[in-house]
Amino acid sequence: QVQLVESGGGLVQAGGSLRLSCAASGRTFSRYAMGWFRQAPGKEREFVAHISWGNTYYADSVKGRFTISRDNAKNTVYLQMNSLKPEDTAVYCCATWRSGNGRDISAYDYWGQGTQVTVSS
């Protein structure tokens, strides 16, 4: 079992920044790749970013604006979000990668409850 708890969401104006955190427990964190996903109202959950051992990749919609990183000593993965847009409004969730394509929801097994990000225009 693993528990994931996200934090750092909130309300921000367009062009602003937020840093999300995902604290993990119950598993040897450093052994596992992690991902961030988001779900906007009325839409499917979508891939945002993935981090493994020295490798990161992003959805095209956030590339150049968002940065995923991790601190294994703190069992935490981060998502730095800059130049936020109203279309970034969503609930953001982190997840532990199990196997397969890191852009696919099915590749992940444990999920956090999510943190709300709202970007006003």
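What you are looking at is a predicted structure, and each value in this text was computed from that prediction instead of being measured.
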Just by distance, no angles: are the side chains of T76 and D71 close enough, under 3.5 Å, to form a donor-acceptor pair? no
Nearest 0.5 Å, what's the [atom1]-[atom2] distance between [X] and [Y]?
X: D109; Y: T96; atom1: CG; atom2: OG1; value: 3.5 Å
X: Y58; Y: L79; atom1: OH; atom2: CG; value: 7.5 Å
X: S69; Y: M34; atom1: OG; atom2: CE; value: 11.5 Å
X: Y32; Y: W53; atom1: OH; atom2: CH2; value: 9.0 Å
X: L18; Y: F66; atom1: CG; atom2: CZ; value: 9.0 Å
X: R70; Y: S21; atom1: CZ; atom2: OG; value: 13.5 Å

Does [X] use its side chain to pair, donor to acceptor, with the backbone of [Y] at less than 3.5 Å?
X: R65; Y: S83; value: yes
X: Y108; Y: G102; value: yes
X: N101; Y: R103; value: yes
X: E6; Y: Q113; value: yes

Determine the interplanar angle of the F47 and F37 rings, folded into 0 to 90°, and report it as parallel if under 30°, tilted if 30 to 60°, perpendicular if over 60°.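 Rings of F47 and F37: perpendicular, as their planes differ by over 60°.
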Locate the shortest heavy-atom distance separating [X] from [Y]; write the atom from each residue and the value.
X: S17; Y: N82; result: OG-OD1, 2.9 Å
X: L4; Y: A24; result: CD2-CB, 3.5 Å
X: G100; Y: A107; result: C-CB, 4.1 Å
X: A40; Y: T89; result: CB-O, 3.6 Å
X: R45; Y: I105; result: O-CD1, 3.5 Å
X: A14; Y: S121; result: CB-CA, 4.4 Å

Same cluster (ILVMFWY, side-chain, under 4.5 Å), [X] and [Y]:
X: I51; Y: V2; answer: yes
X: L84; Y: V62; answer: yes
X: W36; Y: V119; answer: yes
X: L20; Y: I68; answer: yes

With a 4.5 Å heavy-atom cut-off, do S7 and T115 have their side chains touching?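 No; the side chains remain at least 4.5 Å from each other.
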Evaluate the side-chain proximity of M81 to V12: yes if any heavy-atom separation is below 4.5 Å, no if none is. no
So, D88 and K85, do they make that salt bridge, N to O below 4.0 Å? no
Under the side chain to side chain donor-acceptor pair (under 3.5 Å) test against Y92, which residue among R38, Q39, Q116 passes?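 Exactly one pass, corresponding to R38.
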